[in-house]
Amino acid sequence: MLQISYIRLHADTVKERLAVKNFKDISLVDELLQLDENLRQQKTATETLQASINAASKEIGMLMGKGDKDTAEQKKQEVASLKNELSEKNAALVALEENFNNKILLLPNLPHTSVPLGKTPEDNEVVREGGAKPNLPANAQPHWELIKKYDLIDFETGARLTGSGFPLYKGKGAKLQRALIQYFLDYNTQAGYTEYLPPLMVNEATAYGTGQLPDKEGQMYHITADGFYMIPTAEVPVTNVYSNEIVKETSLPIKMTAYTPCFRREAGSFGADVRGLNRVHQFDKVEIIQLVHPAKSYDVLEEMVQHVEKLLQLLELPYRILRLCGGDMSFASALTYDFEVFSAAQQKWLEVSSVSNFETFQTNRMKVRYKDESGKTQLVHSLNGSSLALPRIVAALLENNQTEDGIHLPKVLHNYFGATGIEGII
RNA sequence: GGAGACGUGUCCGAGUGGUUGAAGGAGCACGCCUGGAAAGUGUGUAUACGGGAAACUGUAUCAAGGGUUCGAAUCCCUUCGUCUCCGCCA
């Protein structure tokens, strides 16, 4: 959530930046400023009245102490009429506040100045590519065929148990998931991230904290009986670990990593995009999250990009890094790099990670702060990235490494998987 | 799921209607003391928002939300959470 104090001082910048994000309702900024003005006026009026009531009440207390009941009674009468006035003013204030709070949540984060202009994924900027695309034979198979051939995932039974998009991993398919999760977590903890295993459902306040609500209500599974949401990413519970806390400046940066299954409703997709593992409702992901000093967040963003890039290199996958354009960025992000791997049989780039700096957008909602040298309370910056989302990594590993006699796996996975590759059926 | 107890500041802990944002202690910060440290000693030590150039000041906050009252940490209701006992259970 943007800070109104910032909007007050930089309204024009805010509008200009929102335009870069293709935010339609720019007039909301002026509306908010007007609301803010009214709100503050109303607040001053209400509090002044409250102050006089408080003073009178204290006086009554003292009069009672002295035993001067008559004067006290008289005071009570006075206060009673003031209270009527107060309740009117209060009602107006509450209405204004509610309106203001609802509206300011609708403003997305401001994009960083380096964000490219654009509306669609085509406008994203390719920062760099790495790894070599394999030369596959003409009869190379897409991963969903390979999955069948080696009996790694049973999509049909998953669909019967739950619904489409809920894969049932099996045999070496299940073991490969476990190996990847373990490897990714080890890779992250070696880089200084603390491992967490969070709840997979969160309450409403937590979902607001990272910006999933109210923006993405429809994308999360909602357990209505208890008011919980299935997490769409570990980012949601883990970033909130420090919500409503004032952390020591010396404890920054806080580096956290977590493996969780992720649940996404993802309505509205169809066709080849959702074939096999390309898009599913439940998938595994290892996430990295940092809470950092504001002055360092863009350095940390680069560091996290390099961290994920190295991981893709170790997995020996061809990848590219995109800087997302204003129109393709998420609501809460100030700058986002997407990572895509090339899945050679499909001849498709698949997104496997998204690394973002949210600056104070999330921490303002969650109230994660520190005290600076002068003792002032400041919001920290939050960042996160996937390292990595598993299904599309699996798709690319299968497709790119397929041979006549099986799937070869990159060296780093051999120990975790307990074999150098997947050969034959089971 | 049933019965009971409880939820106060960074922590411990007092406080059952009236200058209580909250005693006392610990911790922490700064100063004094010391050759240096410890001990001792003095001062300070929440957050948010509003007003103000600032000093400062107003309001709110004793789990959360509502209510009673001129006045609530203190009384009432609801919710959430913790603990104990019982039940159930991986």
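Letters A, B, ... mirror the listed sequences (proteins, then strands); counts begin at 1.
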- Task: Sort out the partner of B:A48 for me: Watson-Crick or G-U wobble, both distances under 3.5 Å, none otherwise.
- Result: B:U59
- Check A:Val286 against A:Tyr259 and note the closest heavy-atom contact, atom names and distance. CG2-CB, 3.9 Å
- Message: Between B:U10 and B:G44, how many Å separate the two C1' atoms, rounded to a whole number?
- Response: 15 Å
- Provide the Watson-Crick or G-U wobble partner of B:U69, both distances under 3.5 Å; none if there is no partner. none
- Do the ring centers of A:Phe331 and A:Phe361 come within less than 6.0 Å of each other? yes
- Query: Is the phosphate of B:G50, meaning OP1 or OP2, less than 4.0 Å from a side-chain N or O of A:Arg8?
  - Reply: yes
- Message: Between A:Asp151 and A:Lys172, does any NZ, NE, NH1 or NH2 come within less than 4.0 Å of an OD or OE carboxylate oxygen?
- Response: no
- Message: Could you tell me the Watson-Crick or G-U partner of B:G36, where both distances fall under 3.5 Å? Say none if there is no partner.
- Response: none
- In Watson-Crick or G-U wobble terms, both distances under 3.5 Å, what is the partner of B:G42? B:C30
- Query: Does B:C88 pair with anything, Watson-Crick or G-U wobble, both distances under 3.5 Å, and if so, with which nucleotide?
  - Reply: none
- Query: On a whole-Å scale, what distance lies between the P atoms belonging to B:C85 and B:G65?
  - Reply: 32 Å
- Rounding to a whole Å, what distance do you find between A:Leu39:CG and B:U59:C1'? 13 Å
- Would A:His307 and A:Tyr193 count as a close aromatic pair, with their ring centres under 6.0 Å? yes
- Item | Touch class at under 4.0 angstrom, heavy-atom based, for A:Ile246 against every strand present | sugar-phosphate
- Query: For B:A48, does either OP1 or OP2 sit under 4.0 Å from a side-chain N or O belonging to A:Thr377?
  - Reply: yes
- Item | B:C88 to B:A22 separation - C1' atoms, rounded to the nearest Å | 44 Å
- Task: Whole angstrom is fine here: how far is it from NZ in A:Lys83 over to C1' in B:U68?
- Result: 9 Å
- Nucleotide B:C49, atom C1' - distance to CG of A:Leu93 in whole Å: 11 Å
- Message: Would you measure the distance from the C1' atom in B:A46 across to the matching atom in B:A37 and give it in whole Å?
- Response: 32 Å
- Task: Find the partner of B:A14: check Watson-Crick (N1-N3 plus N6-O4 or O6-N4) and G-U wobble (N1-O2, O6-N3) distances, both under 3.5 Å, and reply none if neither fits.
- Result: none
- Task: Specify the separation, in whole Å, of atom NZ of A:Lys367 and atom C1' of B:U61.
- Result: 15 Å
- Query: Taking it one step at a time, do A:Glu85 and A:Lys89 satisfy salt bridge (charged side-chain N to carboxylate O under 4.0 Å, His left out)?
  - Reply: CA-CA 6 Å; A:Glu85 203 185 324; A:Lys89 281 199 158 65; 3.5 Å; yes
- Item | Rounded distance in Å between the P positions of B:A5 and B:G42 | 43 Å
- Task: State whether A:Arg40 places a side-chain N or O below 4.0 Å from either non-bridging phosphate oxygen (OP1 or OP2) of B:C49.
- Result: no
- Task: Taking only the side-chain nitrogens and oxygens of A:Gln50, find out if one of them lies under 4.0 Å from OP1 or OP2 of B:G58.
- Result: no
- Message: So A:Lys75, base contact, sugar-phosphate only, or nothing? Heavy-atom distance under 4.0 Å.
- Response: nothing
- Check: A:Tyr298 ring centre within less than 6.0 Å of A:His112 ring centre: yes
- Rounded to whole Å, the CD1-P distance (A:Ile7 to B:C49) equals 14 Å
- Message: Please tell me if A:Lys248 has a side-chain N or O lying less than 4.0 Å from either OP1 or OP2 of B:C28.
- Response: no
- What integer number of Å spans the C1' atoms of B:U45 and B:G25? 15 Å
- Item | A:Asn415 atom CG: more than 12 heavy-atom contacts under 6.0 Å | no
- Message: Counting only side-chain heavy atoms from C-beta out, which of B:U19, B:G18, B:U59 sits nearest to A:Ile60?
- Response: B:G18
- Message: Please name the nucleotide paired to B:G21 by Watson-Crick or G-U wobble geometry with both distances under 3.5 Å, or report none.
- Response: none
- A:Ser57 has a side chain; which of B:G71, B:G50, B:U19 sits nearest to it? B:G71
- Query: Mind checking the P distance from B:U19 to B:G1? Whole angstroms is fine.
  - Reply: 41 Å
- Task: Name the residue closer to the 5' end of RNA chain B, choosing between A:Ile4 and A:Ile53 according to the nucleotide with the nearest heavy atom.
- Result: A:Ile4
- Take the protein atom CG of A:Asn244 and the nucleotide atom P of B:A63, then report the distance between them rounded to whole Å. 16 Å
- Would you mind telling me which residue lines up with the more 5' stretch of RNA chain B, A:Met64 or A:Asp36, judged by nearest nucleotide? A:Met64
- Provide, to the nearest angstrom, the distance between the CD atom belonging to A:Gln74 and the C1' atom belonging to B:C70. 13 Å
- Message: When the P atoms of B:C62 and B:C56 are compared, how many Å lie between them, rounded to an integer?
- Response: 26 Å
- Message: Considering every strand and a 4.0 Å limit on heavy-atom distances, what is the contact class for A:Ala56: base, sugar-phosphate, or nothing?
- Response: nothing
- Message: Using whole Å, what does the distance between atom P of nucleotide B:A48 and atom CD of A:Gln378 come to?
- Response: 10 Å
- Query: At what distance, to the nearest 0.5 angstrom, does CG of A:Leu93 lie from CG of A:Leu86?
  - Reply: 9.5 Å
- State whether A:Asn54 places a side-chain N or O below 4.0 Å from either non-bridging phosphate oxygen (OP1 or OP2) of B:U19. no
- Counting only Watson-Crick or G-U wobble pairs whose two distances fall under 3.5 Å, which nucleotide matches B:G81? B:C6
